[in-house]
Amino acid sequence: MVPTAEKSALVGLNTAQRDAVLASEGPVLIFAGAGSGKTKCLTHRLAYLVREKKAKLGEILLVTFTNKAAQEMARRVLQLLGYPLTNWERHPSLVMRRYLPWVGTFHSICVRILRAEAESIGLKRNFTIFDSDDSLSLIRQIIKELNIDPKQYQPPSIAAVISGAKNELLSPDGFARYVSGHFQELALQVYRQYQRRLIEASALDFDDLIFVTVKALEDNPKIRQKYQQLFRYVMVDEYQDTNNAQYRLTTLLIDRKAPNLCVVGDDFQSIYGWRGANFNNILNFKHDFPAAQIFKLEQNYRSTKTILEGAAFVIGPVRRKAAKKLWTENEIGPPITVYEASNGYSEADFIVSEIRSLRALGYSWSDFAVLYRTNAQSRVLEEIFLAEGLPYRLVGAVRFYERREVKDMLAFLRYLQNPADQLSLTRIANVPPRGIGPRTISTGGPKLVAFLAEIEALRRRTAGQTPLQLLESIIKAVNYQKYIDDGTPEGESRVENVEELLNLAGEFDNLEQFLEHVALVSDVDNYDRGADAVTLMTLHSSKGLEFTAVFIAGLEEGLLPHLRALEEENEMDEERRLCYVGMTRAKKRLYLTLARSRILHGGFTATVPSRFIREIDESLLDWV
DNA sequence: AGAAGATAGCTTTTT
DNA sequence: GCTATCTTCT
């Protein structure tokens with residue numbers, strides 16, 4: 001068949017995976033079910049493009065959903081192609097930048113394009129990236145200035161409206177055409193002011209990174225052609241999670257005459273509808289690209305037959321979905337364990353004791369994950385784990401980059417890099433306290449002038465320093481250590497966090513890259529380091545991961561499925577998919593637990609077992 | 001200006 | 001039950 005490729009790109013692939021790898025030209029859709037070897041297929045495909053189609057690594061665009069996925073793909077591709085990975089452990093981002101510059105998330109790829117094209121699109125090269133927190137602070141500020149009552153019109157809802165508009169590629173003027181009702185009128189006012197302030201600050205928020213890139217490509221044929229010619233092959237992973245702006249971006253980056261576009265995904269695992277993801281992108285692919293070849297990876301290598309069958313019952317009622325069915329050659333395995341606890345604490349007790357007994361059978365701590373719908377559920381679990389002395393790792397609850405001391409340090413760096421960033425200035429002006437309150441800032445009192453002079457001197461003094469040196473200079477200049485280390489355990493943890501930030505900074509030799517990294521990297525991205533421990537995280541965070549034994553806690557009506565989904569069919573479908581994602585993380589054992597009463601708003605409330613349990617065929621369940 | 005205390009308001013998920 | 005925000009006091 002393809003003799004030269006035999007020894008490299010096709011080894012160890014099943015028929016469907018192999019067909020998908022060999023279909024290198026034209027539009028291609030790969031439905032990749034949970035545990036079906038998607039990453040393997042994608043990385044082999046990339047290696048095949050390089051080896052057999054003579055594509056250069058720099059000509060392949062591969063978009064992933066998280067930075068972690070990007071790193072993992074990059075590592076495996078380089079391995080397949082026989083690159084030395086000696087530097088990988090210490091500097092993965094450096095190695096990636098060098099060999100695989102176009103493997104990353106939509107956001108990181110857009111930043112790369114925007115920095116390269118900044119001048120020709122009227123953007124400052126040193127623009128700041130606002131994370132959701134920054135956006136929200138700015139929106140709060142604007143709401144106050146516009147004398148809108150933040151109780152009646154909550155900043156997060158207004159932020160959601162603005163984000164939604166940007167996901168639909170609507171500028172304030174574009175959005176104005178669709179506005180109806182008082183709330184949207186106000187949101188539009190805020191949106192206008194918000195955009196003005198972002199521009200003043202030379203800042204882009206997350207949504208702008210996509211939006212502005214799309215605009216740049218739309219409005220500048222030269223730029224568009226440049227990238228269309230550069231990218232011989234484009235691949236998009238987790239295609240079911242793309243939003244409309246990302247869809248538009250994708251179509252702008254491919255050459256319509258030779259659309260070597262390969263999208264990979266699974267509509268069953270579409271769980272980000274709430275933030276604009278549109279799984280119709282994957283369902284309509286054949287319509288958008290009539291020449292598309294479609295492949296389905298349906299053999300699952302991860303789970304037992306029982307787990308897959310159970311998951312099929314939960315996903316079954318979803319109305320809009322592509323026809324496909326996972327199967328496996330794996331063993332039938334034990335039934336799915338269901339446990340009805342009387343309350344949240346005994347639910348946690350059960351999980352702990354079950355983990356203990358399995359551990360006695362030879363499992364290690366890291367074989368276990370406890371998944372839940374809402375972060376609030378982690379508290380009780382954590383409490384019991386702590387009391388029982390089980391090692392655990394909490395993913396996502398208190399994000400590293402959202403810690404005050406970390407944000408302070410980053411705000412200093414951001415302000416040094418971009419003096420127009422008033423939001424960062426507001427943050428650092430009084431850190432540590434130096435008598436500059438909100439009043440002084442708005443009136444520009446002498447203390448503020450002195451502070452600005454001090455920072456300006458610091459900026460000059462530290463020109464050309466590495467991120468690590470810069471941080472050290474700042475800490476010294478403002479005596480930050482003394483400020484955070486108050487002798488309490490909290491102070492100690494603050495010091496540790498700053499030290500961790502210093503360690504991270506040491507991996508970068510340029511401030512721009514460092515700030516870009518911290519702006520775009522999430523907690524899930526760097527969760528895997530650390531000791532042998534049980535993983536606690538939300539169902540959302542678990543996507544893409546696998547564990548020998550998985551507990552899904554809180555299978556109660558109103559929690560999973562969540563309260564907000566009970567009324568609305570589309571949202572209920574998303575809850576199903578979310579539960580499905582959680583169940584298909586399990587390799588050998590799956591537990592579904594619930595509490596008959598749970599503390600809500602401070603008081604115990606009786607609960608009703610989740611419909612998802614009732615829907616699974618009894619023969620697959622073992623009630624204990 | 002800043003810190004302590006009181007209160008309200010909220011709880012889905014996050015690149 | 002928690003926290004983020006507001007109020008009051010120093």
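In this text the structure is predicted, and so the values were computed from the model without any measurement. In what follows, chains are A, B, ... by sequence order, proteins preceding strands, each numbered from 1.
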Notebook entry, point to check: Who pairs with Arg320(A) by side chain to side chain contact (heavy atoms under 4.5 Å, CB included), at least two apart in sequence or on another chain?
Noted result: Phe279(A), Asn280(A), Leu283(A), Asn284(A)
Check: Roughly, in whole Å, what's the span from CD in Gln377(A) to P in dC2(C)?
Finding: 16 Å
Next item on the list: Tell me, please, which residues at least two apart from Glu512(A) pass salt bridge (charged side-chain N to carboxylate O under 4.0 Å, His left out).
Entry: Arg115(A), Arg125(A)
Next item on the list: State whether Thr538(A) places a side-chain N or O below 4.0 Å from either non-bridging phosphate oxygen (OP1 or OP2) of dT14(B).
Entry: yes
Next item on the list: Give the rounded distance in Å between these two atoms: CG of Leu371(A) and P of dT13(B).
Entry: 14 Å
Checklist line | Atom pair distance, as rounded to whole Å: CG in Leu136(A) and P in dT14(B) | finding: 16 Å
Check: So does Ser108(A) reach the base of dT15(B) with its side chain, donor to acceptor, closer than 3.5 Å?
Finding: no
Next item on the list: Output yes if the stacking criterion (under 5.5 Å between centres, under 30° between planes) is met for Phe65(A) over the base of dT15(B), else no.
Entry: no
Item checked: Phe206(A) side-chain proximity, nearest of dT15(B), dG1(C), dT14(B) -> dT15(B)
Item checked: Residues forming a ring-ring contact (aromatic ring centres under 6.0 Å, His included) with Phe175(A), sequence neighbours excluded -> none
Checklist line | Glu168(A): salt bridge (charged side-chain N to carboxylate O under 4.0 Å, His left out) partners, not counting sequence neighbours | finding: none
Notebook entry, point to check: dT14(B) P sits how many Å from Asp207(A) CG, rounded?
Noted result: 16 Å
Checklist line | Between P of dT11(B) and CG of Leu563(A), the distance in whole Å | finding: 13 Å
Notebook entry, point to check: Atom NZ of Lys543(A) to atom P of dT14(B): distance rounded to whole Å?
Noted result: 12 Å
Notebook entry, point to check: Of all residues at least two apart in sequence or in a different chain, which pass the salt bridge (charged side-chain N to carboxylate O under 4.0 Å, His left out) check with Arg197(A)?
Noted result: Glu145(A)
Check: Counting distance only, does the side-chain N/O of Arg414(A) pair as donor-acceptor with the main-chain N or O of Ser424(A) below 3.5 Å?
Finding: no
Next item on the list: Measure from the side-chain heavy atoms of Asn430(A) and tell me the nearest of dT13(B), dT15(B), dG2(B).
Entry: dG2(B)
Notebook entry, point to check: Once you round it to whole Å, what is the distance between P of dT14(B) and NE2 of His540(A)?
Noted result: 7 Å
Note to self: Please compare Glu574(A) and Lys447(A) by the position of their nearest nucleotide in DNA chain B and report the one closer to 5'.
What the structure shows: Lys447(A)
Check: Relative to the ring of Phe231(A), is the ring of Trp102(A) parallel (under 30°), tilted (30 to 60°) or perpendicular (over 60°)?
Finding: perpendicular
Check: Do other residues, nucleotides or ligands put more than 12 heavy atoms under 6.0 Å from Glu567(A) CD?
Finding: no
Check: Does Ser541(A) have a side-chain nitrogen or oxygen under 4.0 Å from the phosphate oxygens OP1 or OP2 of dT14(B)?
Finding: yes
Notebook entry, point to check: Mind checking what makes salt bridge (charged side-chain N to carboxylate O under 4.0 Å, His left out) contact with Glu546(A), not counting sequence neighbours?
Noted result: Arg302(A), Lys587(A)
Which protein N or O atoms sit under 3.5 Å from an N or O of nucleotides 4-10 of chain C?
{"residue": "dT5(C)", "atom": "OP1", "partner": "Arg140(A)", "partner atom": "NE", "Å": "3.2"}
{"residue": "dT5(C)", "atom": "OP1", "partner": "Arg140(A)", "partner atom": "NH1", "Å": "3.3"}
{"residue": "dT5(C)", "atom": "OP1", "partner": "Arg140(A)", "partner atom": "NH2", "Å": "3.3"}

Note to self: Can you measure Asn375(A) atom CG to dT13(B) atom P for me and round it to whole angstrom units?
What the structure shows: 5 Å
Item checked: Partners passing side chain to side chain contact (heavy atoms under 4.5 Å, CB included) against Lys407(A) (at least two apart in sequence or in another chain) -> Asp131(A), Asp133(A), Asp134(A), Arg427(A)
Sort me out a list of protein N/O and nucleotides 3-6 of chain B N/O pairs below 3.5 Å, or just none if empty.
none

Checklist line | Closest nucleotide among dT13(B), dG1(C), dT15(B) to the His107(A) side chain | finding: dT15(B)
